[in-house]
Structures are given as structure tokens and as C-alpha cells.
There are 2 protein chains.
Amino acid sequence: MPSSARKKAAPDKAASPVSMSDLAKELGVSVTTISRALSDHFSIGPATKKRVLQLAKKRNYQPNHLAAALRKGKSKLIGVIVPHIYGSFFPAVTHGIERAASKAGYSVILCQSHEDVELERQCLETLIGAQVEGILVSLARTAQDLRHFQKVQQRGTPLVFFDRILENAAVNAVVLDDRKGGYVTTRHLLEQGCRRIAHFAGPQQLNIYRNRRQGYLDALEEYGVPANEELIVYCDMTLEDGQQGMKQLLSLRTPPDAVFAAGDFTAMGALHTIRDQLLQVPQDIALAGFSNEAFTYLLEPRITSVNQKGDQMGQAVIQLLLDVVNQQPGQPLQQVVLEPELLVRTSSLAGREPAAPKAKPASRKPAAGRK
Amino acid sequence: MPSSARKKAAPDKAASPVSMSDLAKELGVSVTTISRALSDHFSIGPATKKRVLQLAKKRNYQPNHLAAALRKGKSKLIGVIVPHIYGSFFPAVTHGIERAASKAGYSVILCQSHEDVELERQCLETLIGAQVEGILVSLARTAQDLRHFQKVQQRGTPLVFFDRILENAAVNAVVLDDRKGGYVTTRHLLEQGCRRIAHFAGPQQLNIYRNRRQGYLDALEEYGVPANEELIVYCDMTLEDGQQGMKQLLSLRTPPDAVFAAGDFTAMGALHTIRDQLLQVPQDIALAGFSNEAFTYLLEPRITSVNQKGDQMGQAVIQLLLDVVNQQPGQPLQQVVLEPELLVRTSSLAGREPAAPKAKPASRKPAAGRK
DNA sequence: TTGTATGCGTTATCAG
DNA sequence: CTGATAACGCATACAA
């Protein structure tokens with residue numbers, strides 16, 4: 001676009017943004033007129049309006065949203081804090097958020113906490129500093145409390161959490177029904193005839209992992225399979241945790257015949273170890289993960305996983321935020337719960353004799369309901 | 001954190017941000033004093049400084065960066081536009097960017113163009129509106145020109161491109177030596193004894209894909225293997241393109257004995273088709289991709305790929321931006337070129353009799369040099 | 001239909 | 001050491 005920038009020394013109007021008063025001077029009118037003309041106010045004659053618009057274009061006028069925001073107290077900005085943007089889930093959520101926000105006339109700025117509470121606090125500062133009108137947060141895994149959100153609270157900036165929340169906290173939030181996700185996945189394994197189902201559980205202070213584990217226990221109970229802490233591996237849900245934990249599980253006197261990992265990376269790690277031991281998936285051990293990462297469906301065996309519906313969650317979060325913004329203060333808090341979707345793939349099709357539920361299977365309601 | 005919010009009707013100071021003048025009134029001093037105390041100016045007595053700081057904390061004062069930015073003309077914000085945040089590359093770059101920017105005292109706000117030029121333009125507006133001090137861009141794949149960046153140019157906002165750029169454009173940029181990446185990958189396949197090497201090429205208006213293809217051609221030439229357009233599949237680099245294109249290649253009278261795809265997803269698609277036809281990788285067909293996506297190294301066969309060093313690129317981009325910011329206008333443009341890294345994995349270890357370079361192999365210099 | 005005056009929250013300049 | 005005042009760019013109540 002710009003030419004070689006060597007000889008053509010065209011006076012390219014290099015720097016200095018053009019302001020309304022610049023335009024006003026040049027046209028010999030007041031700043032008010034400019035302001036109104038640009039915002040298409042009805043009290044401005046079509047003639048002047050046209051002149052202003054033309055000059056604005058010619059001088060490449062760029063409105064200073066910052067000044068407008070300062071004046072109006074509205075920035076039309078929404079801030080989002082996510083733990084990271086790796087994998088498939090958070091990118092999907094932000095996608096949903098951006099689409100829905102854009103429709104409502106907001107722009108989105110994104111920050112990553114990199115799973116660090118201190119960075120999370122810094123993101124918060126940045127966003128508050130940018131005068132965002134609302135903040136959306138999925139907590140860093142190390143978050144133990146919500147102290148650093150007090151500022152936001154007190155400042156009156158609307159706050160909505162999603163996916164990763166602190167339970168028992170009185171907050172607005174959109175979450176997945178992780179408990180149900182854990183439940184249906186485990187039930188599926190039971191129905192494939194598996195009885196000794198191991199579980200890789202994530203950090204239990206995080207709602208998502210605690211709920212997935214609870215769903216796992218729900219299903220076992222329903223099918224009359226006694227829960228066995230020996231079969232539950234608590235870890236940080238990395239790939240290495242999966243490898244390591246699986247070694248441990250395989251060294252048990254009676255190894256498991258199925259594994260339900262609360263995350264796909266861990267499931268993948270487990271798979272590595274299983275194969276290293278020359279065992280087959282799903283024939284010897286059935287396997288299921290959580291999150292529907294790309295690698296779960298790209299290579300054999302395709303790994304059964306749970307779709308977290310990130311895109312939908314993103315839209316729901318914006319919806320809830322807009323509700324909050326347009327409500328009077330003191331409204332009751334809302335928690336929206338989304339339905340997970342089990343994606344059955346080859347890794348879990350053990351095809352053994354199915355287990356049967358213990359009692360009245362239809363009546364069980366493992367979902368976490370709406371608060 | 002907040003209690004049940006029902007009975008405890010504690011006057012929680014719900015809304016209204018606290019300003020400097022609020023603090024000034026309460027302490028009976030001037031706003032100036034407050035401002036100076038908060039910014040730790042030397043001309044303020046330790047006693048008053050302490051009083052101010054304490055009150056600020058007590059009242060939960062939050063500086064209005066917006067107002068400060070307006071006044072100072074500096075927002076300490078850097079805007080980043082990426083085509084998307086899926087996969088491993090762009091998240092890695094943003095990670096690098098955030099770390100380096102943070103070190104330099106800047107905050108980063110991220111926008112996605114979703115590969116759409118119009119959205120790219122909107123992101124630009126948002127960032128300009130937020131008064132960012134610099135803009136980093138990796139182009140949407142549909143970008144044909146840089147017209148929408150003229151505004152930024154003229155406004156004097158520093159602009160640095162990375163990874164995806166328009167060639168022959170006079171811009172500051174940090175890129176990977178994609179040509180070399182294509183070259184070393186193809187050479188590796190040749191050294192594995194492959195002679196009919198197919199290539200999945202991406203949209204050729206994008207520098208990255210054109211360069212990868214050029215590197216492929218460089219290697220073929222060096223080893224005296226005639227290039228064959230029949231073996232080059234031009235596509236959009238989706239998984240489906242890989243599946244489809246591979247079918248086409250396998251139906252040739254003499255099918256290829258290796259495939260170099262300019263992207264991992266396409267490589268994965270090709271792999272699917274190859275296996276569907278009951279052929280083996282790497283024995284029948286060797287395979288290599290580009291980008292080092294997670295799925296390339298998580299399951300067998302592990303797919304040979306090229307590490308794009310996203311994190312390094314992120315740091316380099318910030319470095320370059322800071323250079324630009326601190327330079328006088330009219331400085332020569334810079335293009336920084338990063339080295340790719342070939343990651344050899346099982347998918348390409350054909351182990352056939354190696355090809356030998358045609359002529360003086362050592363003298364070849366396929367790298368794109370520094371402008 | 002247009003202009004004047006004022007203020008949003010900060011910081012820089014110049015006096016005390 | 002501290003304070004009064006102006007200015008950043010824009011939007012609005014009020015006046016003309």
C-alpha cells in the first residue's frame with residue numbers, strides 16, 4: 001500500500017489525530033455542530049451535515065471513543081478474562097461471546113489469567129482501567145476465593161462468571177451441568193458392561209471437576225456399583241498426570257476395565273500408558289474423556305468425550321450480562337445451567353454385557369438444577 | 001464472597017466510582033496533592049502521602065485510566081488482531097505478546113477477525129477507539145490489500161504485522177521463514193528416499209502458503225526431482241480438503257510416495273484417506289505437516305511437523321513495536337525473520353534409500369533473508 | 001438550526 | 001512542599 005517510502009517523500013500527514021475542534025475551525029462552525037452532525041442529530045441542516053461528513057472523511061477524522069466514554073460514562077466495551085485460550089473450549093466460548101456482544105453493539109477485549117490468580121487480578125485492573133461496562137470471568141484454577149473481585153463489586157461493574165466458578169458464591173453465572181456430564185458418561189460405560197471404572201478427577205476446589213466426579217459417583221450408585229477411592233486419581237489433569245496415574249491403576253491387583261477422565265488431555269495420557277502396556281482400547285479398557293478436544297476425534301481410536309457447547313455458553317453469558325446491566329440493582333442472582341452432550345466414539349464401545357440399574361432408574365435426577 | 005444479599009442490607013456502597021476530587025474533599029487538600037501522592041511524586045511530604053494512600057485504599061479508589069489516557073495521550077494499551085485463536089499457533093503468539101508487553105508496562109487487548117476482512121476493519125475501529133498505542137496484526141486469509149489500514153497509517157499509530165502479511169507491502173513485520181520450513185521438510189522427505197512428493201498448498205495470496213510451496217520447490221530442484229503440478233493440490237487447508245485431495249492423488253496413475261501438507265489439519269485429512277485405502281504411513285506414503293498442532297504428537301503415527309515458534313514470535317513482535325514507538329518517524333521499515341524448526345516424527349520415517357542432492361548442495365541459500 | 005458554556009477525571013504548568 | 005488553573009476530546013443543557 002504505502003510505496004517504497006524512500007524517494008516519494010509525499011507529506012503523508014504522518015501523525016497527530018484530527019479532533020472535532022480541528023474540523024470546526026476548518027469549517028468555521030462550532031464544535032457542537034460537528035458533534036451533532038457526526039452523530040446524525042436531527043437539529044442539523046442536511047447541507048451542513050453533508051459538509052461536515054465530507055470534511056471528516058477527507059481529514060480522516062477518527063472519533064476518540066475514550067473521550068466520549070469519559071463524558072458519557074459508557075465505553076461500550078465488555079471485558080473477558082479466561083484462564084487460557086488453548087484447546088477447543090475457551091476459544092469457542094469467546095467466539096460465542098464476541099458474536100453476541102457485537103450484535104448488541106459492544107466490543108470485546110480479552111485477557112488471559114494463565115491460571116494465575118495474581119495475573120487474574122491484573123487483568124481485572126486493566127479492564128477496570130479501560131472502563132469496561134461489564135466483566136465476564138472464568139476463574140483461574142488456583143483461585144480460592146473472590147476477594148480480588150470485591151473492587152469490581154463495590155464499583156458496581158456488572159460481573160458474570162462462566163464455566164469455572166466458586167460454588168456457594170452468590171454470583172451471576174453460566175455453567176455447564178458438569179455433574180450430568182459425568183453421570184451420562186459413566187452410565188454409558190456401565191452400559192457397555194464395564195464395572196471397575198476408574199476416574200481421573202481434577203482439582204476439587206474447582207466446581208467443574210467436583211461436579212464431574214459427583215456425576216461419576218451418581219451413576220455408580222444408580223447401578224449398584226460400590227464406589228472405590230482406590231480407582232479415583234486426583235491430579236492436575238495434564239497429559240503426564242494421565243500417563244502416571246494410569247501406570248498406578250494398572251498396577252492394582254484388579255486393574256480397571258474402564259477409565260473416565262475429567263479432561264481429554266489426561267484421557268490421552270492414560271491411553272498412552274495403556275498402549276505401552278500392550279493393552280487394547282476399548283477391548284481391554286474402555287476410555288472416555290471430557291471437552292471434545294480436536295485430537296479426540298481425529299485419530300484412532302476416536303475418544304468418547306463430552307461437548308461443552310462453548311459457543312452456546314458464550315452467547316448465554318452475554319445474554320445474562322445484558323440482563324444484569326438492564327436490571328435494577330438488587331435483582332436476584334441468576335445461574336444458568338447448560339446441558340452437556342455425550343459424544344460416543346470407538347474408545348468406549350467395549351460391547352460387553354451391559355450392567356443394569358439397581359433400582360428405579362428413571363427417577364434419578366442427577367442434574368444440578370437452577371438455583 | 002458477598003453474603004446472601006437478602007437480609008444483611010449492609011449499605012454496601014453499591015455504585016459510583018470514587019474520584020480524586022472525592023478524596024481531596026475528604027482530606028481537605030487539593031486534587032493536585034492527591035494526584036501527586038498517588039503517583040509517588042517527590043514533592044509530597046511523607047505524612048500527607050501516607051494519609052492519601054490510606055484513604056485511597058479505604059475508599060477503594062480506582063484510577064480512571066481513561067481520563068489519564070485522555071490527558072496524557074497515552075493509554076499503555078496494545079491492540080492485537082488475529083484471524084482466530086484455534087489451534088496451537090495463535091494462542092502461543094498471544095502468550096508471547098502478553099508476557100513481553102506486560103514486562104514493558106503495557107496491557108494487551110485481543111480481537112479476532114475470524115478470517116473476515118470486514119470484521120478485521122471493525123477490530124481496527126475498536127482498537128483505535130480504545131486509543132491503543134500500537135497495533136499488531138496477523139491478516140485474515142481473505143485480505144487482498146491493506147486499504148483498511150490507511151487510517152491507522154495516517155493516524156500515526158504504530159503498526160506491526162506478524163506471520164501473515166501481504167508481501168511487497170512496505171510494513172514492519174515479524175515472520176517465520178516459511179520458505180525454509182517448506183524446504184527442510186521436503187528435503188527431509190527426499191532424504192528418506194521419497195521421490196514423488198505431493199504438496200498440499202494453501203491460498204497463494206497468503207505469504208505463508210506461497211513461501212512454503214516455494215521451499216518445497218527449492219528442495220525438489222536441489223535434488224534434481226522435477227516439479228510436477230499434478231502433485232500439487234491447491235486448497236483452503238481444511239481437514240476435508242486433505243481427505244478430498246488425497247483421494248485425487250491416490251487415483252493418479254503413479255500415486256505419490258510422500259505428502260507434505262502446508263498445514264496439520266490437511267495432513268490429518270490426508271492421513272484419514274490413506275488409511276481408508278488400507279495404505280500404511282510411513283511405509284507406503286510418508287507424511288509431514290506444518291504447525292505442530294497438539295494432535296500431531298499425541299497419537300500414532302506421530303506426524304512430522306514444523307514448529308512455528310509462536311511464543312518467540314510474540315516476543316519479537318513486541319520488541320519490534322517498542323522499537324518503532326521509540327524511533328523517529330521515517331525510520332526504515334524492518335522485517336524480522338524467525339527460523340522454523342523441523343520436528344521429525346514417525347509419520348515420515350520411510351527409511352528408504354535416500355536421494356542425493358543434484359549439485360553443490362551446501363551453497364543453497366533458500367532463506368528469505370532480511371529486507 | 002446553530003452556538004456557548006460546562007463538566008467527565010486526570011495531569012502539567014505555573015505560582016505561592 | 002502545596003494549590004489553583006487550564007487542558008485533553010467530546011456531549012449536553014441551555015441560550016440565541
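Please read all numbers here as calculations on a predicted model, not as lab measurements. Each chain gets a letter, A, B and so on, in the order its sequence line appears, and its residues count up from 1.
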So, is [X] near the phosphate of [N], with a side-chain N or O under 4.0 Å from OP1 or OP2?
| X | N | result |
| --- | --- | --- |
| B/S30 | D/dG3 | yes |
| B/S21 | C/dG9 | no |
| A/T32 | C/dT2 | no |
| B/S19 | C/dC8 | no |
| B/S39 | C/dT11 | no |

Only one of B/L110, B/L136, B/V137, B/I109 passes side-chain contact (heavy atoms from CB on, under 4.5 Å) with B/L127; say which it is.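 With B/L127 as partner, side-chain contact (heavy atoms from CB on, under 4.5 Å) holds for just one option, B/I109.
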
For atom [atom1] of [X] and atom [atom2] of [N], their distance in whole Å:
| X | N | atom1 | atom2 | value |
| --- | --- | --- | --- | --- |
| A/K25 | C/dG3 | NZ | C1' | 16 Å |
| A/L70 | D/dC10 | CG | P | 12 Å |
| B/L38 | C/dT11 | CG | P | 8 Å |
| B/M20 | C/dG7 | CE | P | 20 Å |
| A/K74 | D/dC10 | NZ | C1' | 16 Å |
| B/D40 | C/dT11 | CG | C1' | 16 Å |
| B/H41 | C/dC14 | NE2 | C1' | 13 Å |
| B/L23 | C/dG9 | CG | P | 12 Å |

Which part of the nucleic acid, if any, lies within reach of [X] when heavy atoms closer than 4.0 Å are counted: base, sugar-phosphate only, or nothing?
| X | result |
| --- | --- |
| B/I44 | sugar-phosphate |
| A/V31 | nothing |
| B/S35 | base |

When rounded to the nearest 0.5 angstrom, what is the spacing between CD in A/Q315 and CD in A/Q319?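 One gets 9.5 Å once the value is rounded to the nearest 0.5 Å.
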
Let me spell it out: for each of B/G28 and B/R71, pick the nucleotide of DNA chain D with the closest heavy atom. Which residue's pick is nearer the 5' end?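 Going by which nucleotide is closer to the 5' end, it is B/G28.
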
A/H41 vs A/S39, test: side chain to side chain donor-acceptor pair (under 3.5 Å). Steps then yes/no. CA-CA 6 Å; A/H41 195 275; A/S39 52; over 6 Å; no

Which nucleotide sits closest to the side chain of A/T33: C/dG9, C/dG3, D/dA11?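 Selected nucleotide (nearest to the side chain): C/dG3.
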
Is B/D22 paired with B/R59 through a side-chain N to carboxylate O contact shorter than 4.0 Å?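 Looking at B/R59 and B/D22, the cut-off is not met.
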
Less than 6.0 Å separating the ring centroids of B/Y86 and A/Y86?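 No, they do not, as the ring centres are separated by 6.0 Å or more.
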
